[in-house]
Amino acid sequence: MANPLRNLPTLSDILESSVVKSLLNKLSRGEIVSTSLNVLDELRNRAQIAATERTLPTVTELADVIVQKITMGDPSWIGAVINATGELFPETLGTFPLVQEAVRAISELAGDYCGMGNPLSVWSPRRQELSIEKNLQRLTGAESSLVLNSTSGGLLLVFSELARDTRLVVSRGHLYESRRRKYRLPDLLDASRMERTEVGTTNRTLITDFQRALENTDVPTAVFYAYPGHYKVVGSAEMPPLEDLLKLTRPAKIPVIVEMGLGGVMDIDAMIGNHIPCAKQLIAAGADVVLMTGDYLLNGPHCGILLGKHDVIQRFRDNPFCPPMVANAMIQTGLEATLLKYMDSQNIQMALPIQQLLQASVENLRYRAQRIARRLETLTSVGTVTVRTVESRLFGGHPDTPGLETVQLCIHPSVPSGSSARSELAKLTHCLTNCHPAVWGQVESGTLVLDLRTVFPRQDALLVEAFENMRGVEMLDT
């Protein structure tokens with residue numbers, strides 16, 4: 001079979017076209033070359049999906065597309081998304097929905113000048129910090145707290161402070177990489193010049209591994225313990241519970257730093273059957289420092305939150321790296337509004353967007369799915385739609401990860417004569433991910449799967465509109 005990409009115009013062909021040449025006197029050559037390469041890469045990827053079933057554009061057609069992209073600009077890829085993947089926190093998405101009170105508070109602050117410690121004003125950054133600290137005390141039991149711009153910033157601050165006089169003991173199974181936050185724990189340890197002792201193996205660490213490491217050292221030592229967020233080691237795997245580790249370290253007064261992963265301030269273990277600790281449990285168990293994230297299950301803006309005893313948190317606050325890592329006013333305002341919602345709401349489980357998704361009944365999801373299916377079946381771009389009930393993978397990872405029962409729409413696109421199911425599915429998914437708001441689902445065995453467990457009821461109509469607004473989608477946007 002001939003390679004369909006052999007007839008793809010080259011970069012030189014495009015740059016020699018008259019329409020592109022006309023731009024060389026107005027724009028930099030670098031911008032034109034960069035845009036041309038991006039268009040060629042996009043076309044190459046889509047042509048490989050469709051194989052020989054599509055006609056490649058000519059040099060003139062490609063040049064017209066490139067000129068249009070340069071002169072009119074591409075729409076921003078940052079925008080609202082209908083998350084129909086079935087995962088609460090897919091790694092491909094940036095931020096998560098906030099409570100309306102937080103949205104309003106951030107919007108009000110962003111629309112005007114922001115006071116930063118005017119002595120004549122009742123508002124000051126420290127006043128806001130004290131409000132956040134007071135509510136975190138009530139929700140977690142921690143004596144003190146510190147809000148930073150990110151979890152990686154929190155880790156770097158902790159490690160850089162402890163690196164002055166402490167050696168860290170950490171399991172090799174907890175030397176993870178965060179794709180979403182774009183950091184690796186070993187890199188943060190190296191950057192902070194934190195000396196460490198790695199114990200156990202990637203899949204199996206015993207309490208005796210920690211015990212030997214703590215006994216065979218003459219320098220001050222701390223222990224790092226992480227709860228995985230987006231991964232799970234299965235099969236022949238073992239990690240001692242945090243409670244056993246705390247029993248080992250408490251008599252010697254060895255501090256234990258715990259990173260929570262996805263955990264928030266509410267215990268959802270009984271709801272989903274998946275052991276995700278909440279901050280209050282970890283503080284009560286005796287963890288010296290707890291690092292949690294402001295988004296995920298807390299449902300606030302993205303930030304890192306350090307919890308612990310007052311003297312320990314004050315030590316981090318006094319570190320010279322702390323000021324540039326402290327969360328800005330808008331993040332703290334959003335977090336304050338979120339925490340106030342926890343304190344003021346009588347039914348907090350239905351007040352938080354993430355909890356609304358978790359609390360939705362299967363009966364309600366099925367009713368919504370059937371209504372959407374009836375609308376979609378009337379569209380020419382859709383072939384068949386089936387509704388099925390399965391167990392969702394709320395936190396991604398391995399299929400064995402517990403989840404909640406959910407309802408999914410399984411969609412097969414219509415296939416015109418001369419086309420194929422594969423190419424039509426590629427067109428359909430491309431159109432949905434490029435509409436406003438974008439619709440993100442999963443492709444399984446040639447089927448587009450939309451999971452309503454992670455779709456808000458207010459988005460049902462928008463989801464249908466995304467299908468209705470399809471206009472003869474081509475593999476390359478023009």
Side-chain angles (χ1 to χ4, degrees), residues 4-5 38-57 65 69 74-94 179 368-369 372-388 390 392-393 396 406-456 459-478:
L5 298 180
N38 289 337
V39 170
L40 286 172
D41 286 343
E42 186 178 2
L43 178 61
R44 188 177 294 108
N45 292 336
R46 292 177 182 167
Q48 287 174 337
I49 293 176
T52 59
E53 298 168 7
R54 62 168 282 109
T55 302
L56 295 175
V65 170
K69 285 182 176 290
D74 283 328
S76 172
W77 63 271
I78 298 178
V81 172
I82 298 175
N83 174 23
T85 64
E87 297 182 22
L88 281 179
F89 313 113
E91 293 189 349
T92 48
L93 297 185
R179 289 179 58 193
R368 290 168 52 200
I372 294 173
R374 286 194 292 270
R375 295 276 301 275
L376 295 183
E377 286 173 338
T378 64
L379 305 178
T380 57
S381 60
V382 176
T384 61
V385 183
T386 57
V387 176
R388 70 181 185 185
V390 297
S392 64
R393 292 166 57 184
T406 187
V407 178
Q408 297 177 338
L409 293 161
C410 301
I411 302 169
H412 291 88
S414 58
V415 183
S417 177
S419 185
S420 71
R422 182 182 181 186
S423 62
E424 292 304 316
L425 179 62
K427 291 180 181 180
L428 177 64
T429 56
H430 171 69
C431 178
L432 292 175
T433 54
N434 284 276
C435 62
H436 299 282
V439 178
W440 288 40
Q442 305 271 17
V443 175
E444 300 177 3
S445 303
T447 304
L448 175 62
V449 179
L450 303 180
D451 193 322
L452 294 192
R453 172 60 67 184
T454 51
V455 177
F456 294 99
Q459 296 176 320
D460 289 358
L462 294 174
L463 192 153
V464 174
E465 287 179 12
F467 283 86
E468 292 176 338
N469 294 334
M470 292 179 63
R471 295 284 190 271
V473 181
E474 296 292 337
M475 295 303 294
L476 179 63
D477 288 333
T478 59

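All figures in this text were calculated on a predicted structure; none of them were measured in a lab. Only this structure's heavy atoms are used, side chains among them; waters, hydrogens and symmetry mates stay out.
- Looking at Ser419, its side chain never comes within 3.5 Å of a backbone N or O of Pro416 through a donor-acceptor pair.
- With sequence neighbours left out, the side chain to side chain donor-acceptor pair (under 3.5 Å) criterion links Asp451 to Thr406, Gln408.
- Of the listed residues (Val385, Val439, Leu432), just one forms a side chain to side chain contact (heavy atoms under 4.5 Å, CB included) with Leu448, and that residue is Leu432.
- Taking CD from Glu465 and CG from Leu463, the interatomic distance works out to 10.0 Å, rounded to the nearest 0.5 Å.
- By the 4.5 Å heavy-atom criterion applied to side chains, Pro413 and Lys427 are not counted as neighbours.
- Heavy-atom minimum distance, Glu424 versus Ser414: CG-O, 3.6 Å.
- With contacts defined as side-chain heavy-atom distances shorter than 4.5 Å, the pair Cys435/Asn469 does not qualify.
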Open item on the list: Let's go through Val455 and Leu450 carefully: what are the C-alpha distance in whole Å and the side-chain angles of both, what is the deciding distance for side-chain contact (heavy atoms from CB on, under 4.5 Å) to 0.1 Å, and is it a yes or a no?
Closed with: CA-CA 9 Å; Val455 177; Leu450 303 180; over 6 Å; no

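- Distance alone, capped at 3.5 Å, places no donor-acceptor pair between the Thr447 side chain and the Val449 backbone.
- With rounding to the nearest 0.5 angstrom, the CG atom of Leu88 is 9.0 Å from the CZ atom of Arg453.
- Taking Ala369 as the reference, Val387, Val407, Leu409, Leu452 meet the side chain to side chain contact (heavy atoms under 4.5 Å, CB included) condition, with sequence neighbours excluded.
- In this structure, the side chain to side chain contact (heavy atoms under 4.5 Å, CB included) partners of Leu379, at least two apart in sequence or on a different chain, are Leu376, Ser381, Val382, Phe467, Glu468.
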